[in-house]
Amino acid sequence: MEVLDKYLDDKQVFDFFNNPTIFDDKKKAVMKSIADAERFSSYTLNLLNLVIDKKRTSILKEIVKEFEELYNEITDTEIAIVTSAIKISTEQLAQIAKKIQSMSGAKNVRMKNVVDESLIAGFMVRYGKDGSRFIDLSVKGQLDRIAAEINLVDQAAFA
């Protein structure tokens, strides 16, 4: 499902499957070629063909998201999104995953790395149900905290 989601992120692919003027047989042929190339299980391909038959391709991204949430819940997997100024190495992500695993108590942790150069240096981690837990170890975050403290001091001095 994760691989399918990456295909659906491509606007041309998403638009192809949602185009009502393209016959279902053609959509199924393209889906089969994707499934063969990415080695999807026959169950996954059957589900995707059913979605095409029922004219529900417009909700494919929602199906993928819901599947991921259910899978993570069943397997006790925590998703952690690491936002960093540069791409983080696999070894560093593994270290962060171990820490998140010990903090959350989850059996598994899946890491997603997002690059945001505005952080200057360091990283931020968002995990937990709906990303409710947050760790900020970025330079930008430190600068923001210092600026907030200066504002508090200025407000207190003029109060």
Side-chain angles (χ1 to χ4, degrees), residues 1-119 121-138 140-141 144:
M1 288 295 175
E2 209 173 278
V3 172
L4 177 61
D5 194 34
K6 288 182 181 163
Y7 277 97
L8 295 173
D9 283 341
D10 183 330
K11 184 173 174 17
Q12 287 182 319
V13 173
F14 188 75
D15 289 347
F16 170 82
F17 285 112
N18 287 307
N19 187 335
T21 64
I22 297 174
F23 292 110
D24 288 351
D25 291 342
K26 183 147 180 125
K27 291 178 184 180
K28 286 181 181 181
V30 170
M31 190 61 80
K32 179 159 178 28
S33 68
I34 292 172
D36 290 345
E38 300 297 339
R39 299 187 345 236
F40 289 178
S41 74
S42 61
Y43 299 112
T44 302
L45 182 58
N46 288 341
L47 170 66
L48 297 172
N49 285 333
L50 181 63
V51 169
I52 291 169
D53 287 340
K54 297 296 182 182
K55 311 280 190 242
R56 297 291 189 250
T57 54
S58 63
I59 62 168
L60 263 174
K61 289 193 74 59
E62 288 84 3
I63 291 171
V64 169
K65 184 178 184 215
E66 188 65 28
F67 178 85
E68 182 180 30
E69 287 175 10
L70 289 172
Y71 177 82
N72 292 338
E73 186 178 317
I74 290 169
T75 60
D76 193 17
T77 300
E78 185 75 52
I79 300 295
I81 299 170
V82 180
T83 306
S84 57
I86 59 171
K87 186 159 175 53
I88 296 180
S89 72
T90 305
E91 295 83 23
Q92 291 169 322
L93 284 174
Q95 289 175 339
I96 296 169
K98 283 182 185 177
K99 187 64 177 173
I100 298 298
Q101 188 174 21
S102 69
M103 291 169 62
S104 68
K107 287 183 185 175
N108 308 298
V109 176
R110 289 184 44 226
M111 306 295 288
K112 295 181 181 181
N113 188 200
V114 177
V115 175
D116 179 357
E117 294 174 358
S118 73
L119 295 181
F123 61 91
M124 299 183 306
V125 181
R126 186 170 295 280
Y127 68 101
K129 185 154 181 73
D130 299 323
S132 60
R133 312 227 37 216
F134 184 70
I135 301 168
D136 188 351
L137 298 173
S138 68
K140 182 180 185 299
D144 289 346

Can a donor-acceptor pair be found, under 3.5 Å and without considering hydrogens, that links the side chain of Asp5 to the backbone of Val64? no
In this structure, CG of Asp25 is separated from NZ of Lys28 (nearest 0.5 Å) by 6.5 Å
With a 4.5 Å heavy-atom cut-off, do Val125 and Lys99 have their side chains touching? no
Side chain proximity check, Asn19 to Asp15, heavy atoms < 4.5 angstrom: no
Flag side-chain contact, heavy atom, 4.5 Å: Tyr71 against Met1: no
Checking side-chain contact (heavy atoms from CB on, under 4.5 Å) between Val51 and each of Lys27, Met31, Arg56, which is the one that passes? Arg56
Donor-acceptor contact present, side-chain Lys55 to main-chain Pro20, <3.5 Å: no
Do the side chain of Thr57 and the main chain of Phe17 share a donor and acceptor less than 3.5 angstrom apart? yes
The reported gap from OG in Ser104 to CD1 in Ile79 (rounded to nearest 0.5 angstrom) is 11.0 Å
Dump the intermediate steps for side-chain contact (heavy atoms from CB on, under 4.5 Å) on Leu48 and Leu4, then the final yes or no. CA-CA 10 Å; Leu48 297 172; Leu4 177 61; 3.5 Å; yes
Heavy-atom distance under 4.5 Å between the side chains of Phe123 and Asn113, does that happen here? no
Answer yes or no: is there a side-chain heavy-atom contact under 4.5 Å between Ile100 and Ile135? yes
Between NZ on residue Lys112 and CZ on residue Arg126, distance to nearest 0.5 Å: 14.0 Å
Where is the tightest heavy-atom contact between Ala106 and Gln101, given as atom of each residue plus distance? O-CG, 3.1 Å
By side chain to side chain donor-acceptor pair (under 3.5 Å), Asn46 pairs with (sequence neighbours left out) none
Gap between atom CE of Met103 and atom CD1 of Ile96 - 0.5 Å precision: 11.5 Å
Is there side-chain contact between Met111 and Ile88, with at least one heavy-atom pair below 4.5 Å? no
Taking atom CG of Asp24 and atom CG of Asn49, what is their separation to the nearest 0.5 Å? 9.5 Å
Would you say Lys61 and Lys65 make side-chain contact, with heavy atoms under 4.5 Å? no
Does the Asp116 side chain pair with the main chain of Thr83, one donor and one acceptor, at a distance under 3.5 Å? no
